[in-house]
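What follows is a set of notes on a single structure, which appears directly below.
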Amino acid sequence: MPDAPPPQENDLLAGLTEPQLQAASHVDGPLLVLAGPGSGKTRVVTHRIAHLVREVGIAPWNVLAITFTNKAAGEMRDRVAQLVSERQARALTVATFHSLCARLLRQYGDRLGLKPGYSIYDTSDQKRAMKQCLDDLDINPKNFPPAAMLAAISNAKNDLLSASAFTQQASNFYDRTVAKVYTKYEKTLTKNDALDFDDLLFKTVRLMQQHPDALEELRERFQYVMIDEYQDTNHAQFMIAHALASGHQNLMVTGDPDQSIYGWRGADITNILDFENHFGNATVVRLEQNYRSTPSILAAADTLIQNNKGRRHKQLWTDNPEGDPVQVVTCGDGASEASWVADTFKSLNQGQDGQPGIAWGQMAIFYRMNSLSRVMEDTLRDAGIPYQIARGTAFYDRKEIKDAVAYLRTVANPADEVNLLRIINTPARGISVPSTKHLRAHALEHNLPFSTVLEDPTPVAGLNTRAHNSVAKFAATLQNWRGQVAGDTSLIPDPTLRGFVEDVITQSGLEAFYQNDTSDPDRERLANLGELVTSAQQFEEDMLLDAEREQDGASQTLSLHDKLLGFLERIALVADADTVQSDQGLVTLMTLHAAKGLEFPAVALIGVEDGLLPHSRSSESTEDLEEERRLLFVGITRAEKHLYLCHAKYRTVFGQSGPTVKSRFFNELPPDHINTVDASDDGTYFDPDPWGDTPSGSIRQPDGSLKRRRSLGQAQRGVATGLAADYPPGTIVRHATFGLGRVVNVATTGASTRAKICFNTAGNKTLVLQYARLERINPDGTTTSSSDTNTETGDDIPF
DNA sequence: TCTATAGAAATTTTT
DNA sequence: TTTCTATAGA
C-alpha cells in the first residue's frame, strides 16, 4: 500500500493529482499504472524515481527504468536529474530492453559461449545471412522468401521457441522447411558470433533461466524495476521483467492498452491486461485526466477508440479549455495535400488575429508509411519551412556507411563472415565471387574459420596468383587494424575512435573509391563517410564524459576496443525516434509508430485513406483492424491544440496514380467536434463518384482524354480475399505490362500465391498474385477488377 | 574478373 | 519509383 507522503516531501510530490500521487509515492510491491494519453505518466515515473532515491533512500544504482527508445531513456534521466542530483541520476540504469540486454550479454555472455565482441545483426545483415543459409540448404528463395523466413523465425524467438523446439512442433511441409532454415540460420549466427535483435532478448532470457547465479546478481542489482509502454512488450520481454521481479516484486509497469501498436512485432497486449492476474497483490492506478489536448481532440480520440471491442473502458476527460474543432481535410492529390499542410502550418507559424504564432518545432506531420514523407518533404523544402525526418536508420542504411560499418564490425568480430563477405571486395580489390567461393569451400572442408583461411590462402585450391596476393594483402590490413584495437600502442600511441574510423575509411580504399566515383559528382557519399567520422567522434566524447561522471572526475582511460564495441552497439540499436531533435525549431515528420510518447501543439496526419490507414495489409482480421484504429488513436492524441486529418482523392504510390477511398475511420469520429474542409480542386479530374466504391477507375487527363487506371484501394482490397479462388485456370487476365493472358494454374507455395499465366505476347510468366495487379476479363468481354467481387469491404458510406 | 546495362520485381509499421 | 538480378561485353 502506498505510503502517505510525509509533509517534508511536499515539494517533490506537490502539484500531483490524487492518482498521480498514489503512483509516485508507491514504494514496494507490484504497481500497474494504466495511463491514458497525456495523463502525466512520465511525470509520475520520474517523480517516483526521485521519491525512491531522495525520500526512501534507495540507492540509484538499484533502480532500473526501461523505456521504449534510447531518446526516451535520455530524457527520463534528464528529468530525474532535475529532481535529484546529477550524479545520482547518472547512477540509474535507464535503457531500452534491447540495449539493456546487449549490455548484459557483453557482461555475462561467456556463460552462453558468447564473445564480448559479438555482432548485432540488423535487418540487412539478417537478410544476407538468410540468403546464404537458403543457398547452402539448396532452398529456392522464390518459394521461401528470405523476409518471410526471417519473420517466422522472429515470431518464434519472441515466443521463446528455439530452433529445436520449433522443429518438434512443425507439422506441415511449410513449417518443417522453416524449421530447417531456422536451425541452419541459428548455426550460421552462432558460427559468426552474431545475434539478431530478437536474440538479444532471447539469449538474456536463456541466461536468466540457465544461470541462477547471474540472475541473482541482477536481482540484487535491480531492486526497483520500472517498465514504460508495457502494452508493447512481447513474451520474451515479459519473461525478463518477471525474472527480475520474481524475488522482490518491485515491478512498476505503465502503459495504455489502447496504444498498443506493435502486435505485428510480437507485442502481447495481454501482458498488461493480465498484470493483476500475474501479481495478485498488485496496486492499480488509473490516470484518466488528460492535460494535453483540447476537449475536441480528446473526444475524437475517445469516440474512435470506442469502436474497438473487448477493451477495458476508460473514462478520458480533460479540464482544458475548448479549442478549434478537429479538421478533416479533403485534398485533390498528395501534392496538394502537402501544400495544404504547408500553407496551414505557415499561417499557424505567423499567428492570426493577434494570436502569437506557433514555433515550427511545435508542429508535426505523421503518416502511416515512410514513403508518404517524400512529397511532404519536397513541399516543405520549396516552401522554406525547416523540417526534420525521424528516420534513425536512414543514415546507417546508406551503402557507403554500411560498408564502412561492415569494416568496423569485421575488425571487432573476426568470426563475422556476413560482414566480412560484404567488404571483402568492396571496393574492388581483385577478390572475385568465385575466389571467395573457393575460400569458403576450403574453410568448410578443413573446418577452419573463414578468417584463418584468409590469413593463409596458399593451400586454397583454385585461387589465381592475383586473387591470392589480394587476399593476403587484405588479411594483413585486417590484422593491422585488429592490432590497433587490441591495444598495441606501438602501432598508434594514443588511439582515438575518430582516428581509427578515419584510418579504416582511408586504408580500406573506400575514401579513394568515392573520391573518384563518377556517379556521385557532388561527392555526397564521401561527405556521408565524413559524417560517420564525426558521429564516431561525438560518441567518443559522450562516452568519455559519462565515464568521467561515473568515476567522479577521475578520468579513467577507455580502450579503443571498448569504444569501438560501444559505437557499434549504438549504431545497431538506433531507433527512428532517437534522431528527433527537440528545440531545434524544426517541423517533425515521422511515422505514426515513431510518434508514440510524443506531443505537439499542432499535428497533421496525412494519407488517412483506406489502404493506407487502415493499411491494406492490416485490414483482414479484426485484430489487425483494431490495431490500425489504435494507431490512429495514438496519432490523434499526440495533438495538443490543432489537429488536421488529411486525405487525398488521388494518390501516387510507387509511381502509379489512382483514386483513393477515404479512411473508414472517419465514420467513427464525433461529428460535433469535426469541421470538414474541402481543399480539393476538382477542375482537372472527372470524378463521377468520388467516395463510393464504384470502380470507375477512369481519370480525366488534363488534355481531356480518359485513361483507365486501377485504384490503389481496389488493387489492395483485392488482396484481402482468397485470390487463388478468383483466378481458376483458364481465366483471361490483363497485366499492366504483359497485356492479355490466360491463367494456366495457381499454386500457393510458401508464403505467396503465384499464378502461371500464358500471355499472348510475353509468353509464360509466373507472377505473385498479391503484387501482379491483374485485371480479370469477364466472359462477356467487360473488364472487371478483382476487387469488384469483393463486397465485404465495398460498403463505404460517405462521411 | 569486373562493370555496365537492361529488365523485372517489389513495395507497412521497427528494435 | 527504387532495388535487385542476370547477362553480356570489356
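In what follows, chains carry the letters A, B, and so on, assigned in the order in which the sequence lines appear, proteins first and then strands, with residues in each chain numbered from 1.
Partners of A:N464 according to the side chain to side chain donor-acceptor pair (under 3.5 Å) rule, which considers only residues two or more places apart in sequence or in another chain, do not exist here. The salt bridge (charged side-chain N to carboxylate O under 4.0 Å, His left out) search around A:R265 returns none, not counting sequence neighbours. The side chain to side chain donor-acceptor pair (under 3.5 Å) search around A:R398 returns none, not counting sequence neighbours.
For the C1' atoms, the distance linking B:dT13 with C:dC4 amounts to 23 Å, nearest Å.
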Which atom pairs, donor and acceptor, lie under 3.5 Å between side-chain atoms of residues 124-134 of chain A and protein residues at least two apart or in another chain?
{"from": "A:S124", "atom 1": "OG", "to": "A:D122", "atom 2": "OD1", "distance (Å)": "3.1"}
{"from": "A:S124", "atom 1": "OG", "to": "A:K402", "atom 2": "NZ", "distance (Å)": "2.6"}
{"from": "A:D125", "atom 1": "OD2", "to": "A:D122", "atom 2": "N", "distance (Å)": "3.1"}
{"from": "A:D125", "atom 1": "OD2", "to": "A:R409", "atom 2": "NH1", "distance (Å)": "2.8"}
{"from": "A:Q126", "atom 1": "NE2", "to": "A:Y185", "atom 2": "OH", "distance (Å)": "3.2"}
{"from": "A:Q126", "atom 1": "NE2", "to": "A:D196", "atom 2": "OD2", "distance (Å)": "3.4"}
{"from": "A:Q132", "atom 1": "OE1", "to": "A:R440", "atom 2": "NH1", "distance (Å)": "2.4"}

Show me the donor-acceptor pairs, under 3.5 Å and distance only, between side chains in residues 370-378 of chain A and residues at least two apart or in other chains.
{"from": "A:S373", "atom 1": "OG", "to": "A:N370", "atom 2": "O", "distance (Å)": "2.9"}
{"from": "A:D378", "atom 1": "OD1", "to": "A:R381", "atom 2": "NH1", "distance (Å)": "3.4"}

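If you look at A:W264 and A:H593, their ring centroids are closer than 6.0 Å.
At least one donor-acceptor pair under 3.5 Å links the side chain of A:Q237 to the backbone N or O of A:N234.
Across B:dT15, B:dT13, B:dT1, the shortest atom-to-atom separation from the side chain of A:R265 is found for B:dT15. Closest approach to the A:H593 side chain among B:dT15, B:dT13, B:dT3 is made by B:dT13 (side chain taken as heavy atoms from C-beta onward). The side chain of A:Y262 lies closest to B:dT14 when the candidates are B:dT12, B:dT1, B:dT14. For A:K131, taking side-chain heavy atoms from C-beta onward, the closest of the listed nucleotides C:dT5, B:dT1, B:dT15 is C:dT5. Taking every side-chain heavy atom of A:S435 into account, B:dT1 is the closest of B:dT1, B:dT15, B:dT12. When distances run from any side-chain atom of A:T591 to the nucleotides B:dC2, B:dT15, B:dT13, the shortest one goes to B:dT13. Side chain of A:P434, nearest nucleotide from B:dT1, B:dC2, B:dT14: B:dT1. Counting only heavy atoms from C-beta on, A:R617 has its side chain closest to B:dT11 among B:dT14, B:dT11, B:dC2. Closest to the side chain of A:N425, out of B:dT12, B:dC2, B:dT15, is B:dC2.
Heavy-atom nearest nucleotides on DNA chain B were determined for A:Q126 and for A:G430, and the one closer to the 5' end corresponds to A:G430. Judged by closest nucleotide on DNA chain B, A:V433 is the one of A:V433 and A:M369 placed further toward the 5' end.
Between A:K399 atom NZ and C:dC4 atom C1' the separation is 14 Å, expressed in whole Å. The separation between A:N70 atom CG and B:dT15 atom P is 9 Å, rounded to whole Å. We find that CG of A:L612 is positioned 16 Å from P of B:dT11, with the value rounded to whole Å. The nearest whole Å value for the distance from the CZ atom in A:R466 to the P atom in B:dT1 is 8 Å. As rounded to whole Å, 23 Å separates atom P of B:dT13 from atom CZ of A:F633.
Across all strands shown, A:L100 has no heavy atoms under 4.0 Å from either base or sugar-phosphate atoms. Looking at heavy-atom distances under 4.0 Å, A:N464 makes contact with sugar-phosphate atoms alone, never a base.
For A:R368 against B:dT13, a side-chain N or O and a base N or O form a donor-acceptor pair under 3.5 Å.
A sub-4.0 Å separation between OP1 or OP2 of B:dT12 and a side-chain N or O of A:N370 is absent.
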Report all interatomic pairs (protein N or O, nucleotide N or O of nucleotides 1-3 of chain C) with separations under 3.5 Å.
none

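B:dT15 has no base stacking with the ring of A:F97 when judged by centroids under 5.5 angstrom apart and an interplanar angle below 30°.
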What do the steps show when you test A:E628 against A:R664 for salt bridge (Lys or Arg N to Asp or Glu O under 4.0 Å), and what is the final call? CA-CA 11 Å; A:E628 295 291 305; A:R664 64 192 80 175; over 6 Å; no
